[in-house]
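For reference, the structure is listed below as structure tokens.
In what follows, residues are counted from 1 in the order of the sequence shown. A quick note: this is a predicted structure, and the numbers were derived from the prediction, not measured.
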Amino acid sequence: MGLRAVLSGVAVAVLAAVPGVSTALDIARAERLYEEHCAVCHGADRSGYIGPALNRDETKLSRGEVLGRILSGAPPTLMPQHPSWRGVLGAKDRDLLADLIKTQPARKLSWDMPDIRASLQVLVPPSAPKAKAPRYRIDDIDDLMGVMSRGRQSSGKESKVIFFDGRTHRKVGEVRTDFAPHLMDFHPTDPRWAYVRDDAGWLHKIDLYEMRTERKIRAGLNGVSLAVSRDGRYVAAGSYVPHTMVIMDAQTLEPLHLLELSGIDPDGKMVEADAGTIMALPGANAFAIALEQAGQVWIIDLDRPGMPYKVIKDVGRHLHDGFFSPDGRYMVVASYDDHVNTVIDLQEARIVRKIPSGCKPHVGSGAVIRSGDRLLGFGTNIGDENCASFEVTVFDMQTFEVVKRIPVVGPTESPAAHPNAPYVIVDIVGTGPDANKLQFIDKNTLEVVRTIEVAGTMGHSHFPEYTARGDFFYVSARYRGDRSLGLPGGQLAIFDSKTLKQVKTIPMDVSAGVFSRVRARSVVVGMQPPVQ
């Protein structure tokens, strides 16, 4: 029935018995305000997403405290500070939002195939002339670096993808997404195209030659997972709201197949599941998707009628991200609550090992390196409240035995590696005093040999990514988006990969994920093919 049916014409709920609340709540207006200003971070159903849940059953803040957060933000999180909202939300609208949050339960939303299909927008007619090569100067399209710029309020004109030449660090274009962009994947066979998923669930097909969005479609109401099949025919997007995955024609974005994500979890309960990582198998025309709460991985055959799938059960509790072995045979999936990285043999569709991996594994896009005669994988860990120590887990990619546990100064999220660079980079995440630091692990000794603080940051330094040739790396810094006190909203910091000296700083509003186009030709980060 879709989101439109949920936002019904019911406009009044009597709330006189609740202290401090207006006697009548215009629910329809309050929900529209929430959808416009809050849903991108807190979930379209108000049950939480990047930000916490905002509903009467889960929000423990008082109504006054909710109003205070709306007005003043919550540094150092992504919640923008006052006066960012001046001229955007008046006092009456802030009151409406506070009343909605404190008196209404989370919503049950649907977004089915008719809703998805109806959301498709063709922004550039198929008959429109197209450039045969990039309209900007760049030696090799693989040098392209895409940086997600969320914007201070995670929506509006500041939410966009900004592209740079990774050799010269010159900006070559930007594409507005309207909602905070989160994830990018590049077409594996046609260098013209890229796909971006934003936090409001839209999928954008971007023409990299023209630097514009050609088409977009709302695959779900929140959700970030995204993958393009290795033959380039299909693109898949998974959602948290609702619990679905949709497979689309990569050329037209026409939705072809919808999967509802649910299954029996490792504790024997039937549950709905968020769409964790989606990955395109390198050795078959198939997608693999991790069902977060169900603890399952599905392998979806794109060549057979009906796109049937195999189910691998008991992968772990609360699955998240993953990566492939360089030969594409194995998939390594992080299990938050079991503190393991589970290894799946994709040819045999079975679990072969569960690697103990510290507190709350979060492997990002993975990192694999050659160290002497060994092929090693790196598992990062974002930690939890009971974590006694922080580490990076190194394991053999042939036997999957743990080789070393490397102590680091805090929780880690996104490892970066490149064949031509001497270090594996890990970002220190969280909100503590080390959250603006990067640590560098020597490939030979497997020891942390350098720690640097990104100059000028006051919050976070995340998502390191090597350029195509490995001679530089990009880092998103000051991940809070606060300009209310005259501070810059964030920056992209660029470093020399051998000297570790910062070579350039580019102001950017809440910069986030960084993606090198060379990923389109790579099976796994750290084993990138050469670029001449």
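For Lys404, the NZ atom counts as densely surrounded, since its 6.0 Å shell holds more than 12 non-hydrogen atoms of other residues, nucleotides or ligands. Open room surrounds CD on Gln251; 12 or fewer heavy atoms of other groups in view lie less than 6.0 Å from it.
Remark: Lys354 NZ to Ile344 CD1 distance equals 9.5 Å, nearest 0.5 Å. For the atom pair Glu401 CD and Gln398 CD, the distance stands at 12.5 Å (nearest 0.5 Å). Between the CD1 atom of Ile441 and the CZ atom of Arg450 there is a distance of 14.5 Å, given to the nearest 0.5 Å. Rounded to the nearest 0.5 angstrom, Ile300 CD1 and Ile278 CD1 are separated by 7.0 Å. For the atom pair CZ of Arg135 and CZ of Arg212, the computed distance is 7.0 Å after rounding to the nearest 0.5 Å. Note that OG of Ser476 is 10.5 Å distant from CD of Glu465, once rounded to the nearest 0.5 Å.
Residues Ile494 and Phe164 have side chains not in contact (no heavy-atom distance under 4.5 Å, counting atoms from C-beta outward). Contact check for Arg167 versus Thr467: no side-chain heavy atoms found under the 4.5 Å cut-off. Contact check for Tyr234 versus Val228: no side-chain heavy atoms found under the 4.5 Å cut-off. Counting only heavy atoms from C-beta outward, the side chains of Phe287 and Met245 approach each other to under 4.5 Å. Under the 4.5 Å side-chain criterion, counting only non-hydrogen atoms from C-beta, Pro507 is not in contact with Gln491. Under the 4.5 Å side-chain criterion, counting only non-hydrogen atoms from C-beta, Gln296 is not in contact with Val315. Taking 4.5 Å as the limit, some side-chain heavy atom of His243 sits within range of a side-chain heavy atom of Asp274.
Closest approach of Phe186 and Ala194 over heavy atoms only: CD2-CB, 3.8 Å. Closest approach of Ser497 to Pro422, counting heavy atoms only: O-CD, 3.9 Å. Taking all atoms of both residues into account, the shortest heavy-atom contact from Ala334 to Pro361 is CB-O, 3.5 Å. What you find for Ser229 and Ala280 is that their closest heavy atoms are CA-CB, 3.8 Å. Contact detail for Thr451 and Val448: the closest heavy-atom pair is OG1-CG1, 4.0 Å. The minimum heavy-atom distance linking Ser461 with Leu438 is given by the pair O-CD2, 3.8 Å.
A donor-acceptor distance shorter than 3.5 angstrom exists from the side chain of His418 to the backbone of Asn420, with no hydrogens or angles considered. At distances below 3.5 Å, not a single donor-acceptor pair connects side-chain atoms of Arg150 with backbone N or O atoms of Ala180. Looking only at distances, no side-chain donor or acceptor of Ser511 sits under 3.5 Å from a matching main-chain atom of Gly490. No donor-acceptor pair closer than 3.5 Å links the side chain of Lys205 to the backbone N or O of Leu253. Checking side-chain atoms of His42 against main-chain N and O of Gly48 turns up no donor-acceptor pair under 3.5 Å. Side-chain N or O atoms of Asp199 include none that pairs as donor or acceptor with a backbone N or O of Val224 at under 3.5 Å. Looking only at distances, a side-chain donor or acceptor of Gln439 sits under 3.5 Å from a matching main-chain atom of Val409. Proximity of a side-chain donor or acceptor of Glu210 to a complementary backbone N or O of Ala131 within less than 3.5 Å is detected.
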With side-chain contact (heavy atoms from CB on, under 4.5 Å) as the test, would you mind laying out the steps for Glu447 and Asp442 before giving the verdict?
CA-CA 6 Å; Glu447 299 281 352; Asp442 184 275; 5.6 Å; no
Please lay out, stage by stage, how Thr412 and Ile428 fare under the test side-chain contact (heavy atoms from CB on, under 4.5 Å).
CA-CA 5 Å; Thr412 54; Ile428 306 302; 3.8 Å; yes
Might you work through the side-chain contact (heavy atoms from CB on, under 4.5 Å) test for Leu376 and Leu446, ending with a clear yes or no?
CA-CA 10 Å; Leu376 302 178; Leu446 301 181; 3.9 Å; yes
Apply the test side-chain contact (heavy atoms from CB on, under 4.5 Å) to residues Arg176 and Lys157: give CA-CA distance (whole Å), side-chain angles for both, the deciding distance (0.1 Å), then the verdict.
CA-CA 6 Å; Arg176 178 173 165 176; Lys157 64 181 181 181; 3.4 Å; yes
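Looking only at atom types and distance, the side chain of Thr380 has no donor-acceptor partner in the side chain of Glu413 under 3.5 Å away. Side chain to side chain, Asp198 and His182 fail the donor-acceptor criterion of an N or O pair below 3.5 Å. In this structure, a donor-acceptor pair under 3.5 Å is absent between the side chains of Gln293 and Asp265.
Evaluation of the salt bridge (Lys or Arg N to Asp or Glu O under 4.0 Å) rule for Asp231 yields Arg233 as partners, not counting sequence neighbours. Legend: residues meeting side chain to side chain contact (heavy atoms under 4.5 Å, CB included) with Ser159, ordered by chain and number and at least two apart, are Thr177, Pro181. Shown here are the salt bridge (Lys or Arg N to Asp or Glu O under 4.0 Å) partners of Lys216, two or more places apart in sequence or in another chain: Asp178. By the side chain to side chain contact (heavy atoms under 4.5 Å, CB included) test, Pro282 is found to be paired with Arg230, Phe324, Val523, residues two or more places apart in sequence or in another chain being considered. Looking at residues two or more places apart in sequence or on another chain, you find no side-chain hydrogen bond (donor to acceptor under 3.5 Å, both in side chains) involving Asp427. Residues that satisfy the side chain to side chain contact (heavy atoms under 4.5 Å, CB included) test with Asp140, not counting sequence neighbours, are Asp142, Asp143, Arg469, Val531. Taking Tyr336 as the reference, His318, His320 meet the ring-ring contact (aromatic ring centres under 6.0 Å, His included) condition, with sequence neighbours excluded. Looking at residues two or more places apart in sequence or on another chain, you find a side chain to side chain contact (heavy atoms under 4.5 Å, CB included) between Glu391 and Asn381, Thr393, Arg405.
A salt bridge between Glu348 and Lys310 is absent, with no side-chain N of the basic residue lying under 4.0 Å from a carboxylate O of the acidic one. Checked for salt-bridge contact, Asp338 and Arg317 meet the test: a charged N lies under 4.0 Å from a carboxylate O. Salt-bridge annotation for Asp165 and Arg137: absent, with no side-chain N of the basic residue lying under 4.0 Å from a carboxylate O of the acidic one. Between Lys130 and Glu214 a salt bridge is recorded (basic side-chain N to carboxylate O distance below 4.0 Å).
For the ring-ring contact (aromatic ring centres under 6.0 Å, His included) condition, the pairs that include at least one residue of residues 421-441, sequence neighbours left out, are Tyr423-Phe440, Phe440-Phe473. Within the structure, ring-ring contact (aromatic ring centres under 6.0 Å, His included) pairs that include any residue of residues 368-414 comprise Tyr330-Phe400 (at least two apart or interchain). Pairs passing the disulfide bond (SG atoms under 2.5 Å apart) check and including a residue from residues 363-396, sequence neighbours excluded, read Cys359-Cys387.
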Pairs under 3.5 angstrom only: tabulate donor-acceptor contacts from the side chains of residues 364-375 to other protein residues two or more places apart or in another chain.
from   : atom 1 : to     : atom 2 : distance (Å)
Ser365 : OG     : Arg519 : NH1    : 3.0
Ser371 : OG     : Lys443 : O      : 2.6

